[in-house]
Amino acid sequence: SATRTAISTVTSTPEPETVQEPEQKPIALYPAGQPVVIDHLSMIDARHGWAIDKEAQVDHILHTTDGGQTWVDITPPELIRIDPDGYFVSAASSFFLNAETAWVYYTSGEYEFGTLWRTQDGGRSWEPSWRLPSITFGPVSPSAVLEFADAQHRWLEMRYGGGLGS
């Protein structure tokens, strides 16, 4: 009869590897006095306007009622993923109808979902719509453009960039 030699022993059943999903939190508003860099400006009249600060990793929506002397961060509470290295980049597309009404949509990294937000009170409160996919093709992230004919006729255009190359 053949002799068997143990070459290893089983100590326990291996535990499945767990992958921790990044935490999700709403975009934090800037504190009073925070310097901002206005990248996109839309003045409705001499006193009322909207702007986007694109200097941070997450775009912030700003509102003024004094002709731009002061700006208030009225960013909607879009959920963003936070990983150990910091925030994922999140870009805002917007349409500002008048001093009180605006829509904002956020796109972020690959295979993310964004929300179309609407305010009718100058950003004091925001109503979310449904979560929309921002599916990408490979390493290319989409951009979104909000287009409006008027308050009742609007659309969200998703643009997927890419190019040929080696």
Side-chain angles (χ1 to χ4, degrees), residues 22-83 85-137 139-163:
E23 182 181 359
Q24 286 192 331
K25 289 186 176 181
I27 297 171
L29 298 179
Y30 286 149
Q34 169 80 27
V36 296
V37 176
I38 294 176
D39 181 72
H40 173 80
L41 175 66
S42 179
M43 292 301 293
I44 303 302
D45 57 36
R47 292 184 14 237
H48 300 91
W50 303 85
I52 300 178
D53 174 6
K54 293 184 173 281
E55 285 298 303
Q57 289 178 298
V58 177
D59 290 353
H60 285 257
I61 309 302
L62 310 172
H63 191 247
T64 185
T65 57
D66 61 8
Q69 295 298 313
T70 59
W71 292 91
V72 177
D73 185 351
I74 49 95
T75 302
E78 174 75 9
L79 291 178
I80 56 172
R81 294 189 321 164
I82 301 171
D83 68 4
D85 298 326
Y87 294 104
F88 280 82
V89 175
S90 190
S93 298
S94 59
F95 182 81
F96 307 117
L97 181 67
N98 56 41
E100 299 294 315
T101 307
W103 288 264
V104 175
Y105 178 75
Y106 280 91
T107 56
S108 52
E110 294 183 29
Y111 307 104
E112 293 296 314
F113 286 79
T115 302
L116 181 62
W117 295 91
R118 178 180 69 173
T119 183
Q120 295 181 301
D121 59 10
R124 288 183 296 281
S125 65
W126 290 91
E127 301 169 36
S129 68
W130 58 95
R131 302 276 295 165
L132 301 170
S134 298
I135 299 173
T136 64
F137 300 99
V140 180
S141 294
S143 63
V145 177
L146 291 172
E147 298 288 344
F148 285 69
D150 56 43
Q152 284 74 41
H153 301 92
R154 54 198 178 263
W155 61 93
L156 174 66
E157 175 185 342
M158 298 301 290
R159 296 181 180 171
Y160 295 91

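Below, all heavy atoms of this structure are taken into account, side chains as well, without hydrogens, waters or symmetry copies. Numbering starts at 1 and runs along the sequence shown.
Here the OG1 atom belonging to Thr75 is positioned 12.5 Å from the NE2 atom belonging to His63, to the nearest 0.5 angstrom. Put simply, CZ on Phe95 and CZ on Arg118 are 13.5 Å apart, with the number rounded to the nearest 0.5 Å. The structure places OG of Ser94 at 5.5 Å from CD1 of Ile61, a figure rounded to the nearest 0.5 Å. Separation of atoms CD1 (Ile74) and NE2 (His60) is listed at 11.5 Å; rounding is to 0.5 Å. We find the CG-CG distance between Leu29 and Asp73 to be 4.5 Å, quoted to the nearest 0.5 Å.
Residue Pro26 comes nearest to Pro77 through the heavy atom pair CB-O, 3.9 Å, listed as atom of the first residue, atom of the second, then distance.
At a threshold of 4.5 Å between non-hydrogen side-chain atoms, the residues Val72 and Leu62 do not count as touching.
Residues that satisfy the side chain to side chain contact (heavy atoms under 4.5 Å, CB included) test with Thr119, not counting sequence neighbours, are Trp50, Ala102, Asp121, Trp126. Every side-chain hydrogen bond (donor to acceptor under 3.5 Å, both in side chains) that Thr101 has, sequence neighbours left out, goes to Asn98. Partners of Glu100 according to the side-chain hydrogen bond (donor to acceptor under 3.5 Å, both in side chains) rule, which considers only residues two or more places apart in sequence or in another chain, do not exist here. A search for side chain to side chain contact (heavy atoms under 4.5 Å, CB included) contacts involving Asp39 returns Lys54, not counting sequence neighbours. Remark: Ser42 pairs with His40, Ile44, Phe96 by the side chain to side chain contact (heavy atoms under 4.5 Å, CB included) rule, at least two apart or across chains. With sequence neighbours left out, Leu41 forms a side chain to side chain contact (heavy atoms under 4.5 Å, CB included) with Ile38, Met43, Ala51, Trp71.
Around CZ of Arg47, the count of heavy atoms belonging to other residues, nucleotides or ligands within 6.0 Å does not exceed 12.
Judged purely by atom type and a 3.5 angstrom limit, Ser129 has no side-chain atom pairing as donor or acceptor with the backbone of Trp117.
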